[in-house]
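Each chain gets a letter, A, B and so on, in the order its sequence line appears, and its residues count up from 1. In this text, all values refer to a predicted model and were calculated from it rather than measured experimentally. Every heavy atom of this structure was used, including side-chain atoms; hydrogens, water molecules and symmetry mates were not.
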Amino acid sequence: MTHLDWLESEGIDIMREAVAESDRPVLLYSIGKDSSVLLHLARKAFYPSRPPFPLLHVDTTWKFQEMIAFRDRTVAELGLELVVHHNPECVALGVNPFEHGSATHTDMWKTQGLRQALDERRFDLAFGGARRDEEASRAKERVFSFRTADHRWEPRDQRPELWRLYNARKAPGESIRVFPLSNWTELDIWQYIERERIPVVPLYFAAERPVVERDGALIMVDDDRLPLRPGERPEYRMVRFRTLGCYPLTGAVPSTATTVREVIEETVAATTSERQGRVIDRDQSGSMERKKREGYF
Amino acid sequence: MSLLRFITCGSVDDGKSTLIGRLLYDTRQLHADQLAAVEADSRRRGSDLDLSLLVDGLLAEREQGITIDVAYRYFATEARTFIVADTPGHEQYTRNMVTGASTADAAVILLDARRGVLRQTRRHSHVVALLGIRRVVLAVNKIDLVGYDQKTFEAIAEEYREFAAGIGIAEVECVPVSALDGSNVVARSPRMPWYDGPTMLGWLEGVAVEDDRRSGPFRLVVQWVNRPGPDFRGAAGMVLGGTVRPGDAVRVFPGERETTVARLVTFDGDLAEAGPGESVTVVLADDLDVGRGAVLAAGDPPAVADACQADLIWMGEQEMLPGRRYLAKIGARTVGISMDTPRHRLDVDTGAQLAAKTLGLNEIGLVNVHFDQPVALDPYRANRNLGGFIVIDRMSNATVGAGLVRFPLRRASNLRWQELSVDQAGRERLNGHRGCVVWFTGLSASGKSTIANLVESRLHGEGRHTFLLDGDNVRHGLNKDLGFTDADRVENVRRVGEVAGLMVRAGLIVLVSFISPFRAERALARGIVGAGEFCEVHVDTPLAVAEERDPKGLYAKARRGELPNFTGIDSPYEPPDSPEVRLDTTALSAGEAADAVLSRLRELGVC
């Protein structure tokens, strides 16, 4: 068994176990490469049945246009059910990263939005594409990760996970986040995408894109809502994205990698870790753990 | 490229975080921004480059300067990819080590060359051996601090090899390393020309992960039944031992039904063969009702038993209580279980077997485990995945233990229920009323016995057949061997529950007047009799009121510390959530309270 076979089989095992142990599962679909792999595993795990759960996209209205197009195309091609949630409070207030700051923007659209969507539809188990290698606080999160009735994560009160025996019992109102890609690294994800020919959003590959350089990050001018600062003029540069999020908060990297193979070569040679492009992680030291305790995925 | 999962065991002082940081650093797994963050952190703490900072993740542990849980790290070389379970070495964290070891194929045991083989080194090795890891590398760290001395290293290596062989660890490699300067971690050290063994990474890259599972008998646990339509029914699960091919004869456990494998279905097409670790969907030739939890097996069959002897590692904050009902997840089934008093507890430092009445957090013991239904299982030595189970607390849902099956106990097949020709219903007809348990629970001096006495007198006056089991009286006879520890209280209540159950089958109305402080045991007593045959009466008297009454002077003694484990003082009372009757004795007289119980019994159709 190669390491990719092993990771795939473990992911399938986790997904089957989670579905068998829950009443209303859902897959959190963020449209990124990890979500693409997660969806691919779901198709394998339940074949010849379709994945027995809907996809949930907690949208912020600030995603790249290409992400939304890719999402809708994927769902239509695979015949899956998609639930899109917009936090109505954010819609009413027009929350955006410029006037409200990246922390508030992320908290209200994503963290609060996710809680609303899970509560409204009474989902008791949500699959996510998080990996332990992404960030230090993730390294200790369980595959089956519990959330209290108000969606909080208690890092000091996690259940030990032994062998492949996941304890999925919970009290009414509590929910579980399940991470089938826990043991995958960024490189594993790309190697698997290559091997399985999994479609991903084209933004992951280098192309000439209009960007401005802002606070050390290359921000793509994806539509006319990005307020330009004095002296900023969008210029076309050959860039790609290592992670995808809200376009004003996601930095591009200069790259010439236009194929999966070239992306893998770039990843192997990378001198910066992938979350570096995320503006929100750098707000404060230990910020990911703080967000997670409050219910961020 | 293959995958190796290993654990690292050692304490903070041994330099474990530094060793893992060194592995990541020297195999170039670190990105520039991660390095920059560590350099900045290091400078703040006044050192050049503290590699341990890479590894210490959560805020809390950064604040305390210790590792608090199992953390997983990932790295790859040209030869292999690795998943490292980083587990802390403190005594109180045995459960984390057991968790990390449960999925590992190899172990790195770390010690400080200046201090040699310590108690904790032995403890880690005992756990590693228990969890069935047979490949161990002993990293003799801080060799720089003993001047790269060959004699020191060899003395430690010899002592450890001898010890490891004695506890069943087959393969040990000892490597002198310095995580601080990198000697023999990834690169050979010119400072130790006398050492000609592998580097630590070299050993990890080369160690043969034996695949005993492949040659063992075929096992697959059904996780999920795949039924997209009337024409397809598949049993989805992972192969946990042996191999399987279409056409193979297999048996379904429990039940031992025989059938043949028709297809091995995957998204990528049908397989000609599936081996350990592969997730597949099995289509069987016969249309058997194979549900979640069933075990498909071939060759030497798994045991089907309702009891086993197992090594149990306790992980709950609350001690294990013999007789209490817990849940166990084994394979893909969750069943009710209870444990007997441990046969012994293991001293993990010395390997000695100690007497024990219970198991506390991080203690390991040998126990007999009873399942409430027959389950298919293998000894842990033969198959980790069908021989390992987790224990779950029914109330909190926490994982409170891990069990490793040594062998099944075939009690069920030797001990059968004798069929009786006169049954409970017959006796009830003769009596003219139903049998039931009326269970009075509450603090000492709450008024249980007074009210129970009154209820019995009235029932007796009405011509009902009754019996009153009183806590104090039973402790003079049946339960005189029991004290007041939590474990003894559980056994006390279990016995009384069983006796009450027998009396109900004799057609009696049994009044039980027992403090019975724990919810779980009252639930157990309730489970012994049939639905509608258990009436829980909570004699609800506030502690202050009971203490004020104190007719036997017990509270006063307890307050003086002369009566340990006294309920309400230094031992908890868990009030019922939804008793059939709740009596507020500050508002009701004893007579009114008895009336309330009698009217509830009439509502329940008892009398």
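- A:Ser255 and A:Glu266 form a side-chain donor-acceptor contact under 3.5 Å, judged by distance and modelled atom types alone.
- Both the backbone and the side chain of B:Ala236 come within contact range of chain A, with heavy atoms under 4.5 Å apart.
- Contact annotation for B:Thr266: only backbone heavy atoms (N, CA, C, O) come within less than 4.5 Å of a heavy atom of chain A.
- One finds no salt bridge joining B:Arg5 and B:Asp105 here, because no Lys/Arg side-chain nitrogen approaches an Asp/Glu carboxylate oxygen to under 4.0 Å.
- Residue B:Arg394: no heavy atom, backbone or side chain, is found under 4.5 Å from chain A.
- Note on B:Ile330, B:Val265, B:Val280, B:Thr334: by heavy-atom pairs under 4.5 Å with chain A, the leading option is B:Val280.
- B:Phe232 touches chain A through its side chain: at least one heavy atom from C-beta onward sits under 4.5 Å away, while N, CA, C and O do not.
- Contact of the B:Ile390 side chain with the B:Lys329 side chain is registered, since non-hydrogen atoms from C-beta on lie closer than 4.5 Å.
- Contacts between B:Met1 and chain A at a heavy-atom distance below 4.5 Å involve backbone atoms as well as side-chain atoms.
- Of the listed residues (B:Leu3, B:Thr399, B:Val225, B:Asn397), the one with the most heavy-atom contacts under 4.5 Å to chain A is B:Asn397.
- For chain A, the nearby part of B:Leu327 is the side chain; its heavy atoms alone come within less than 4.5 Å.
- With a 4.5 angstrom heavy-atom cutoff, B:Arg80 does not touch chain A via any of its atoms.
- No side-chain donor-acceptor contact under 3.5 Å links A:Tyr204 and A:Trp190.
- Within the 4.5 angstrom heavy-atom criterion, atoms from both the backbone and the side chain of B:Val98 approach chain A.
- A:Arg147 and A:Ser145 share a side-chain donor-acceptor pair at under 3.5 Å.
- Only the side chain of A:Arg142 comes within contact range of chain B, with at least one heavy atom under 4.5 Å from a heavy atom of that chain.
- With hydrogens and angles ignored, the 3.5 Å screen pairs a side-chain donor or acceptor of B:Asn226 with a backbone N or O of A:Tyr47.
- Of the two parts of A:Glu196, only the side chain, counted from C-beta on, holds a non-hydrogen atom closer than 4.5 Å to a non-hydrogen atom of chain B.
- By the 30° and 60° cut-offs, the orientation of the rings of A:Phe53 relative to A:Phe127 is tilted.
- Using a 4.0 Å cut-off between charged side-chain N and carboxylate O, B:Arg73 and A:Asp133 make no salt bridge.
- A salt bridge links A:Glu17 with B:Arg292: the distance from a Lys NZ or Arg NE/NH1/NH2 to an Asp or Glu carboxylate oxygen falls below 4.0 Å.
- With chain B as partner, the option from A:Glu21, A:Glu174, A:Glu8, A:Glu10 having the largest number of non-hydrogen pairs under 4.5 angstrom is A:Glu21.
- Top candidate by heavy-atom pairs under 4.5 Å with chain B, chosen from A:Val19, A:Ile12, A:Thr2, A:Asp13, is A:Asp13.
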